Amino acid sequence: MNRTTVAAAWTLLAASLPGQEPRIVHEEPASAAAQAPRRLFESTSCFQVEGPGGIGLEGAGRRESEELTGGRRRLALVLASGGAAAEEGLALGSVGCLERWLIRQVSERFDRLEAVEIVDRATSRTRGAAAAAHLERALEVTGEAAAVASAEEFLNAVLRQNRAFLLAELHLFRRPAGEESAEEPVTVAALSRSACETWLAERQQAQGDLLAAPRLMLLGGETAHVSVIDQMSYVRTYETRAVGEAVVVDPVVDVVQDGIIIQITPIIGPQGETISLGVDVRVRAVKRPIETVELEIPPERTKVLLQLPEVSTVCWSAENLELWRGEHGLLVTGLLADDWTEGGARRSFALELLMRLEVTRQEGAAPPVRVAAVLGFDATSCLVFARREGASAARLDPGTRVAFARGQETVGHGVVAEILGDVVLITLVDGEARAQDEAFLAQ
């Protein structure tokens, strides 16, 4: 793979990591300019973002096995089950990133299998006099009994690993003026923790425009949605109705979305050695002010104004982007989006997306280690004040990750910023913390 085109982007990172180069995970040819704006009149339904389809692994586990002729076997691992089906049909959604990942992994690892497929099925369940349709989605594996048994062991390992929670931090920047390049390819590189920190510091010093920086917790295999959207109302059309002998003209108002939508699906490998990520990024920009046209509505030739939104939509998605053990983030560069100048001219700009992922808690891990008691929280500085307590309090150092608990519930996470004697200052990363909560070492 030719890396010359992205060498300049890694100058700072290479300087901070002597002898190391970010691992290129994915590279695409430079894309053409963003698609031409579309003018909407009758409907804005194309701007309603559909769900990504698919399901998570939290409900998986039940399996069905069928012995076939010739020493063959069929295994069905139920991924989602329960709930009544809507009358109009299945409501499990389209096959998503997780299901495609499972099919790909099982098919590539076990080549003696005859078939690996996702099956949706509806059954009828009757309780007393009431009957209802029931939905299930399963991964079906068919082949030699020994190969199916090996595939089942692999799936069991995947289920165990993806009962873990991940902390995801997304940083979406608009590249500083003067750095845009229509010829730059879309590139995804895997970075170490220190390289992520260095890149963020450089972007902040360069005064890049931070468009979104959400933090969220999710289970392995789940799809998370991040939306930073303005909803703009506009007059789409008019309806007429008779009131006595008069004709009344009523405006029909619709909504168009302007902003950014990001979906991510992290999947932990069977030994915890990789995190495979599926990403979908959509950027929509509405030209402002919205153009208007004047129409006459019969029979009285009533003059009305319609609005015709002009919208630029840019989408990018990729799957199977892998973080290896010791890597902390994926950096996407080369994305192009559009907006308009105040004079109404269309222009392109570059986006950069850093996605940081870390497994924070694993089912079956060692018992939590209590290290501090929360004294209070300062919302202005996002600092939690705590007092070191417990036999393991000496293990607290700047940079140590902690979890805040209220009773049996984990309510937030933080990173130790400073230690002043027995007082610990902790930067709140996600969730919340308040007086009388307890702090534990994050697992």
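Heavy atoms only: backbone and side chains are in, while hydrogens, waters and symmetry mates are out. Owing to the predicted nature of the structure, the values given are computational and were not obtained by experimental measurement.
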| said: Go through it in stages, so that I can follow the logic: the residues are Glu169 and Leu216, the test is side-chain contact (heavy atoms from CB on, under 4.5 Å), and I'd like the CA-CA distance, side-chain angles, deciding distance and then a yes or no. | reply: CA-CA 7 Å; Glu169 298 182 10; Leu216 55 154; over 6 Å; no
| task | Not counting sequence neighbours, list each pair that qualifies as a side-chain hydrogen bond (donor to acceptor under 3.5 Å, both in side chains) and has a residue in residues 149-158. | result | Arg63-Glu152, Arg63-Asn156, Arg73-Glu152
| query | Going through the distances and angles, do Glu319 and Trp101 end up as a side-chain contact (heavy atoms from CB on, under 4.5 Å)? | reply | CA-CA 8 Å; Glu319 293 184 357; Trp101 184 86; over 6 Å; no
| said: Does Arg137 form a salt bridge (Lys or Arg N to Asp or Glu O under 4.0 Å) with Asp120? I'd like the steps, not just the answer. | reply: CA-CA 5 Å; Arg137 171 167 291 173; Asp120 288 342; 2.6 Å; yes
| request: Working to the nearest 0.5 Å, report the span between OG1 of Thr142 and CG of Leu75. | output: 8.5 Å
| remark: Hits for salt bridge (charged side-chain N to carboxylate O under 4.0 Å, His left out) against Glu66, two or more places apart or cross-chain, chain-then-number order -> Arg74
| request: Determine the minimum heavy-atom distance between Ala151 and Val106, stating which atoms define it. | output: CB-CG1, 4.2 Å
| Looking at residues at least two apart in the chain, or sitting in another chain, which of them share a salt bridge (charged side-chain N to carboxylate O under 4.0 Å, His left out) with Arg109? | none
| request: Using side-chain contact (heavy atoms from CB on, under 4.5 Å) as the criterion, point out the one residue from Ile260, Leu335, Leu354, Val283 that pairs with Leu172. | output: Ile260
| Can you name the side chain to side chain contact (heavy atoms under 4.5 Å, CB included) partners of Ala213, sequence neighbours left out? | His171, Leu210
| said: Whether Glu273 and Arg325 form a salt bridge (side-chain N of Lys/Arg under 4.0 Å from carboxylate O of Asp/Glu) is what I want to check. | reply: no
| Partner residues of Arg434 under the side-chain hydrogen bond (donor to acceptor under 3.5 Å, both in side chains) criterion, sequence neighbours left out | none
| request: Start with the C-alpha gap between Asp254 and Arg236, add the side-chain angles, then the distance that decides, and say whether salt bridge (Lys or Arg N to Asp or Glu O under 4.0 Å) holds. | output: CA-CA 6 Å; Asp254 212 332; Arg236 176 170 64 85; 3.1 Å; yes
| message | Between Val116 and Leu139, does the side-chain contact (heavy atoms from CB on, under 4.5 Å) criterion hold? Intermediate values first, please. | response | CA-CA 7 Å; Val116 181; Leu139 174 70; 4.0 Å; yes
| query | Who passes salt bridge (charged side-chain N to carboxylate O under 4.0 Å, His left out) against Glu418, sequence neighbours left out? | reply | none
| note | Heavy-atom closest pair (Cys97 atom, Ile267 atom, distance to 0.1 Å) is O-CD1, 4.3 Å
| query | How would you list, by chain and number, every residue that makes a side chain to side chain contact (heavy atoms under 4.5 Å, CB included) with Val423, sequence neighbours excluded? | reply | Leu425
| request: Please report the C-alpha distance between Phe173 and Leu351 in whole Å, then the side-chain angles of each, then the deciding distance to 0.1 Å, and finally whether the side-chain contact (heavy atoms from CB on, under 4.5 Å) criterion is met. | output: CA-CA 6 Å; Phe173 280 88; Leu351 293 173; over 6 Å; no
| request: Sort and list the pairs that fulfil salt bridge (charged side-chain N to carboxylate O under 4.0 Å, His left out) and have at least one residue in residues 185-197, not counting sequence neighbours. | output: Arg193-Glu358, Glu197-Arg356
| request: Kindly give the heavy-atom pair with the smallest separation between Ala386 and Ala372, and that separation in Å. | output: CB-CB, 3.9 Å
| message | According to side chain to side chain contact (heavy atoms under 4.5 Å, CB included), who are the partners of Val235, at least two apart in sequence or on a separate chain? | response | Tyr238, Pro251, Leu306, Gln307
| message | Return the CZ to CG distance between Phe349 and Leu336, rounded to the nearest 0.5 Å. | response | 9.0 Å
| remark: The salt bridge (charged side-chain N to carboxylate O under 4.0 Å, His left out) partners of Asp230 (sequence neighbours excluded) come to Arg288
| Salt bridge or not for Glu108 and Arg104, using N-O below 4.0 Å? | yes
| query | Looking only at heavy atoms, which two atoms of Val429 and Arg215 are closest? And how far apart? | reply | O-CD, 2.8 Å
| note | Here the pair of heavy atoms bringing Arg282 nearest to Asp280 is NE-OD1, 2.9 Å
| request: Tell me, please, which residues at least two apart from Glu140 pass side-chain hydrogen bond (donor to acceptor under 3.5 Å, both in side chains). | output: none
| request: Taking all non-hydrogen atoms of both residues into account, name the closest pair between Gln271 and Gln161 and its distance. | output: C-NE2, 3.7 Å
| said: Holding to side chain to side chain contact (heavy atoms under 4.5 Å, CB included), I want the full list of residues that pass it with Val374, two or more places apart in sequence or in another chain. | reply: Val384, Phe404, Asp437
